[in-house]
**Student:** 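One structure coming up, written as structure tokens, with questions to follow.
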Amino acid sequence: MTTILLDKALETLTSEERELIRELFYLGKTERQVSETLNMAKTTLHRQRKRILDKLKGLLE
């Protein structure tokens with residue numbers, strides 16, 4: 001997979017979804033850290049993370 005495909009897939013996300021992915025995967029923060037930063041329940045963040053990753057997977061297949 002090229003970074004161009006990944007960049008295009010990331011562009012389809014909302015700004016909130018991109019921020020969550022950035023915090024978790026580019027900045028290496030834990031779900032707990034991100035949930036505290038975004039003032040969100042950890043379970044809600046975990047569900048959103050899974051939904052976003054499923055969305056990206058579908059776009060990249």
Side-chain angles (χ1 to χ4, degrees):
M1 170 181 16
T2 66
T3 57
I4 293 171
L5 290 175
L6 181 57
D7 287 344
K8 287 185 181 205
L10 290 170
E11 287 175 6
T12 68
L13 300 178
T14 66
S15 60
E16 291 85 8
E17 291 171 332
R18 278 192 307 273
E19 179 62 20
L20 194 144
I21 293 299
R22 185 180 80 79
E23 296 270 338
L24 289 171
F25 296 100
Y26 290 88
L27 299 179
K29 293 184 179 180
T30 65
E31 287 186 1
R32 179 182 299 268
Q33 291 170 320
V34 176
S35 67
E36 289 173 359
T37 300
L38 299 177
N39 197 26
M40 172 187 302
K42 186 174 173 277
T43 55
T44 301
L45 183 130
H46 183 78
R47 279 192 299 261
Q48 285 185 356
R49 175 186 172 268
K50 181 175 177 359
R51 183 182 50 77
I52 295 166
L53 291 178
D54 288 345
K55 183 177 180 180
L56 289 172
K57 181 179 177 184
L59 292 168
L60 295 172
E61 290 183 327

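Only this structure's heavy atoms are used, side chains among them; waters, hydrogens and symmetry mates stay out.
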**Student:** Applying salt bridge (Lys or Arg N to Asp or Glu O under 4.0 Å), can you list everything that pairs with Lys29, at least two apart in sequence or on another chain?
**Tutor:** Glu23
**Student:** Rounded to the nearest 0.5 Å, how far does CG of Leu20 lie from OG1 of Thr14?
**Tutor:** 9.0 Å
**Student:** Kindly work out whether a path of hydrophobic side-chain contacts (I/L/V/M/F/W/Y, heavy atoms less than 4.5 Å apart) joins Leu45 to Tyr26.
**Tutor:** yes
**Student:** If the condition is side chain to side chain donor-acceptor pair (under 3.5 Å), which residues does Glu36 pass it with, not counting sequence neighbours?
**Tutor:** none
**Student:** Do Leu53 and Ile21 come close enough that some side-chain heavy atom pair is under 4.5 Å?
**Tutor:** yes
**Student:** Which residues satisfy the salt bridge (Lys or Arg N to Asp or Glu O under 4.0 Å) test with Lys57, sequence neighbours excluded?
**Tutor:** none
**Student:** Which distance, rounded to the nearest 0.5 Å, do you find between the OG1 of Thr12 and the CZ of Arg18?
**Tutor:** 8.5 Å
**Student:** Heavy-atom distance under 4.5 Å between the side chains of Leu56 and Leu13, does that happen here?
**Tutor:** yes
**Student:** Check side chain to side chain donor-acceptor pair (under 3.5 Å) between Gln48 and all other residues, then give those that pass, not counting sequence neighbours.
**Tutor:** none
**Student:** Could you pull out all residues at least two apart from Thr30 that satisfy side chain to side chain donor-acceptor pair (under 3.5 Å)?
**Tutor:** Gln33
**Student:** Please indicate whether Ile4 has more than 12 foreign heavy atoms, meaning atoms of other residues, nucleotides or ligands, lying under 6.0 Å from its CD1.
**Tutor:** no
**Student:** What is the distance from atom CG of Leu5 to atom CG of Leu60, rounded to the nearest 0.5 Å?
**Tutor:** 6.5 Å
**Student:** Taking salt bridge (Lys or Arg N to Asp or Glu O under 4.0 Å) as the definition, give me every residue that meets it alongside Arg22, ordered by chain and number, with sequence neighbours left out.
**Tutor:** Glu19
**Student:** If you compare all heavy atoms of Glu31 against all heavy atoms of Arg49, which two are closest, and at what distance to 0.1 Å?
**Tutor:** OE2-CD, 3.1 Å
**Student:** So, taking the atom named CD1 in Ile52 and the one named CZ in Arg47, what distance separates them when rounded to the nearest 0.5 Å?
**Tutor:** 13.0 Å
**Student:** Not counting sequence neighbours, which residues clear side chain to side chain donor-acceptor pair (under 3.5 Å) with Lys55? List them please.
**Tutor:** Glu17
**Student:** Which value, rounded to the nearest 0.5 Å, describes the distance between Leu10 atom CG and Phe25 atom CZ?
**Tutor:** 10.5 Å
**Student:** For Asp7, give me all partners under salt bridge (Lys or Arg N to Asp or Glu O under 4.0 Å), at least two apart in sequence or on another chain.
**Tutor:** none
